[in-house]
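I am attaching a structure below and will ask some questions about it afterwards.
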Amino acid sequence: MTLITEVRLREILDSRGNPTVEAEVRTESGGFGRAAAPSGASTGEYEAVELPPEEAIANARERAVPRIEGQVYAGDQRTVDRTLHGADGTDDFSGIGANVAVAVSMAAAKAGADMLGAPLYQHLGGAFRGDGFPTPLGNVVGGGEHAADATDIQEFLAAPVGAPSVTDAVFANAAVHGAVADLLAERDIPAAKGDEGAWAPSVTDEEAFAIVSAAIESVEDEVGFEIRMGLDVAASELFDGEQYVYADTTRTPDEQIEYVAELASDYDLAYIEDPLDEDDYEGFAELTGRVSDETLVCGDDLFVTNTERLATGIETGAANSILIKPNQIGTLSDAFDAIELARENGYDAVVSHRSGETEDTTIAHLAVATDAPFIKTGAVGGERTAKLNELIRIEANA
Ligand SMILES: O=C(O)[C@@H](CO)OP(=O)(O)O
Ligand SMILES: [Mg+2]
């Protein structure tokens with residue numbers, strides 16, 4: 001192992017046009033890694049704290065970088081991440097900023113892989129990682145916090161569960177995205193795209209279900225394998241403290257459970273993320289008990305990649321899977337801990353992008369390294385295809 005000799009930090013653009021933190025890590029032996037922090041719009045209340053990039057960079061330069069340069073070995077990811085925590089001194093990264101922490105953590109992992117001459121997924125997953133590949137969940141229609149005047153449900157996802165390969169799955173999702181465009185055109189419904197590249201038409205959720213189902217069916221006929229539907233309800237954004245407020249109606253928590261359970265059976269949903277508010281462990285538990293074993297109920301804002309919150313979920317039977325977003329918790333080590341705790345307790349760990357992204361491909365490697373059943377990283381758009389095309393490359397070379 002060689003020492004990290006330099007950590008450089010700068011502001012770069014993210015896909016929403018906002019500044020974000022990029023980190024570069026160099027090692028004594030010439031290893032190099034570069035990574036950038038993503039950023040959420042529908043962020044969970046319990047996420048690690050993202051600071052304005054300029055402030056996060058200044059904090060890290062003062063407090064974290066001197067503890068890493070010349071002191072920590074690249075490849076020793078646990079120590080890199082422990083050092084970031086030590087420099088931060090809080091339990092939510094509000095000291096230096098979770099954005100700068102995750103950028104440094106991921107850049108160090110890439111430098112570690114580079115030093116070993118191994119692809120990142122192999123460095124992270126080890127020689128005995130599983131040989132599975134994640135099924136990409138492709139966002140094809142959406143609204144919520146990701147687009148104005150569109151659906152209430154944040155994301156309608158294509159889940160090509162029957163695809164024989166990642167490559168087939170990636171192209172199937174793009175085809176569903178294209179089929180949605182055709183169906184919208186046929187119906188004379190104009191649509192721009194939301195933050196993640198999904199179509200954001202001004203339609204009701206009901207119409208969106210009809211359009212996405214039809215698009216999925218037509219692509220299924222073409223490709224000859226099973227494609228199911230998934231959702232990210234992002235229900236915390238709809239909840240006003242008492243009820244879930246939709247454009248055309250409101251639902252009490254009990255009605256929301258009933259509604260989502262019906263959607264799960266009517267549309268044979270493979271995946272339902274955040275169907276209830278981020279504090280409603282009980283509601284999550286009830287819904288999880290009601291849907292079939294073939295449906296993942298996933299906690300995003302509920303768990304925020306946090307082992308303490310996941311432990312509460314495990315105790316109460318809330319959800320059966322966790323969404324893993326490294327920037328929600330601040331380091332790769334923390335994300336791995338959440339994945340491990342999930343595994344030990346029979347929860348699936350689904351790796352995910354954020355609505356604000358860069359060309360960074362770390363999550364593609366993380367999903368392969370940890371044998372994740374699904375990865376949620378959009379269907380089209382440069383910052384999304386960066387990850388999807390990386391999955392295609394990993395599959396081709398693995
Ligand atoms: O809610 C989500 O799952 C994400 C990504 O799709 O959105 P955001 O990054 O805005 O939290
Ligand atoms: Mg979500």
Side-chain angles (χ1 to χ4, degrees), residues 35 38 106 109-110 113 118-140 155 157-177 196-197 216 219-220 222-230 232 269-271 273 294-296 298 300 305 320-326 332 335-336 338-340 342-343 346-354 357 359-381 383-398:
M106 297 191 305
K110 288 185 186 179
L120 180 59
Y121 69 87
Q122 202 150 37
H123 172 45
L124 295 178
F128 299 107
R129 73 178 175 88
D131 57 5
F133 275 88
T135 299
L137 294 165
N139 190 356
V140 293
E155 299 166 28
L157 304 156
V161 292
S165 70
V166 170
T167 308
D168 289 303
V170 165
F171 280 97
N173 282 349
V176 174
H177 188 272
E196 297 182 354
I216 283 178
V219 175
E220 260 187 332
E222 245 169 70
V223 298
F225 53 76
E226 188 183 10
I227 306 175
R228 292 172 65 193
M229 202 197 295
D232 181 0
L269 297 176
Y271 177 86
E273 183 181 321
E294 298 295 301
T295 303
L296 283 191
C298 187
D300 170 16
T305 318
N320 53 28
S321 69
I322 175 172
L323 204 67
I324 300 294
K325 293 169 166 171
L332 280 177
F336 265 82
I339 293 169
E340 206 166 305
R343 279 267 159 74
Y347 278 50
D348 279 316
V350 176
V351 175
S352 171
H353 65 167
R354 301 306 307 247
E357 269 293 341
E359 313 79 67
D360 192 277
T361 60
T362 307
I363 59 164
H365 289 267
L366 178 61
V368 174
T370 58
D371 220 358
F374 290 103
I375 180 171
K376 189 174 83 153
T377 187
V380 297
E383 69 283 2
R384 317 294 153 187
T385 54
K387 284 83 163 161
L388 298 169
N389 288 335
E390 188 74 351
L391 285 171
I392 290 175
R393 288 181 207 109
I394 296 172
E395 181 174 65
N397 297 326

Sequence-distant partners of N139, side-chain hydrogen bond (donor to acceptor under 3.5 Å, both in side chains), two or more places apart: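 Counting only residues at least two positions away or on another chain, N139 forms a side-chain hydrogen bond (donor to acceptor under 3.5 Å, both in side chains) with E196.
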Approximate separation, where rounding is to 0.5 Å, of E359 CD and T385 OG1: 9.5 Å
Partner residues of E395 under the side chain to side chain contact (heavy atoms under 4.5 Å, CB included) criterion, sequence neighbours left out: F133, S165, V166, T167
Any side-chain heavy-atom pair of T135 and P373 under 4.5 Å: no
Euclidean distance, S352 OG relative to I375 CD1, rounded to 0.5 Å: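 Those atoms lie 8.0 Å apart.
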Pairs involving residues 362-378, ordered by first then second residue, that meet salt bridge (Lys or Arg N to Asp or Glu O under 4.0 Å) (sequence neighbours left out): E155-K376, D232-K376, E273-K376
Where A172 and P160 come nearest, the two heavy atoms and their spacing: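 Residues A172 and P160, closest heavy atoms: CB-CB, 4.3 Å.
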Non-neighbouring partners of V161 that pass side chain to side chain contact (heavy atoms under 4.5 Å, CB included), sequence neighbours left out: A159, E226, R228, F374
By ring pair (Phe, Tyr, Trp, His ring centres under 6.0 Å) - contacts of H365 (at least two apart):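 Expected list: Y121.
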Minimum side-chain heavy-atom gap D168-V223 below 4.5 Å: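 When only atoms from C-beta onward are counted, V223 and D168 do not touch, as no gap falls below 4.5 Å.
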Salt bridge E390-R393, side-chain N to carboxylate O under 4.0 Å: yes
L391 to A364 - nearest heavy-atom pair and separation: CD2-O, 3.8 Å
Spacing of D360 atom CG and K110 atom NZ [to the nearest 0.5 Å]: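 D360 CG to K110 NZ: 3.5 Å, rounded to 0.5 Å.
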Exam field: side chain K387 to backbone E383, donor-acceptor pair closer than 3.5 Å: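 Checking the backbone N and O of E383 against the side chain of K387, a donor-acceptor pair under 3.5 Å is found.
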Donor-acceptor contact present, side-chain N320 to main-chain T295, <3.5 Å: yes
Distance-minimising heavy-atom pair for H353 and G378: CE1-N, 3.4 Å
Heavy-atom pair with the smallest gap, counting every atom of A338 and I324: CB-CD1, 3.9 Å
Pairwise distance CG(L296) to CG(L137) - rounded to 0.5 angstrom: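 So the gap between those two atoms works out to 8.5 Å.
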Donor-acceptor contact present, side-chain N173 to main-chain P136, <3.5 Å: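 Present.
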Interatomic spacing from CG in L120 to CD1 in I363 - rounded to 0.5 Å: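 That separation rounds to 12.0 Å.
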Contact summary for R384 and R354, nearest pair of heavy atoms: NH1-O, 2.7 Å
For the student: nearest non-hydrogen atoms of T305 and A335, plus distance: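 Result for this residue pair: CG2-CA, 4.0 Å.
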Minimum side-chain heavy-atom gap R129-L124 below 4.5 Å: no
For T370, all residues meeting side chain to side chain contact (heavy atoms under 4.5 Å, CB included), sequence neighbours excluded: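 Testing T370 for side chain to side chain contact (heavy atoms under 4.5 Å, CB included), a comparison that skips the adjacent residues, returns F336, I339, R343, V351, L366, A372.
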Crowding at CZ, F171 (>12 non-hydrogen neighbours, <6.0 Å): no
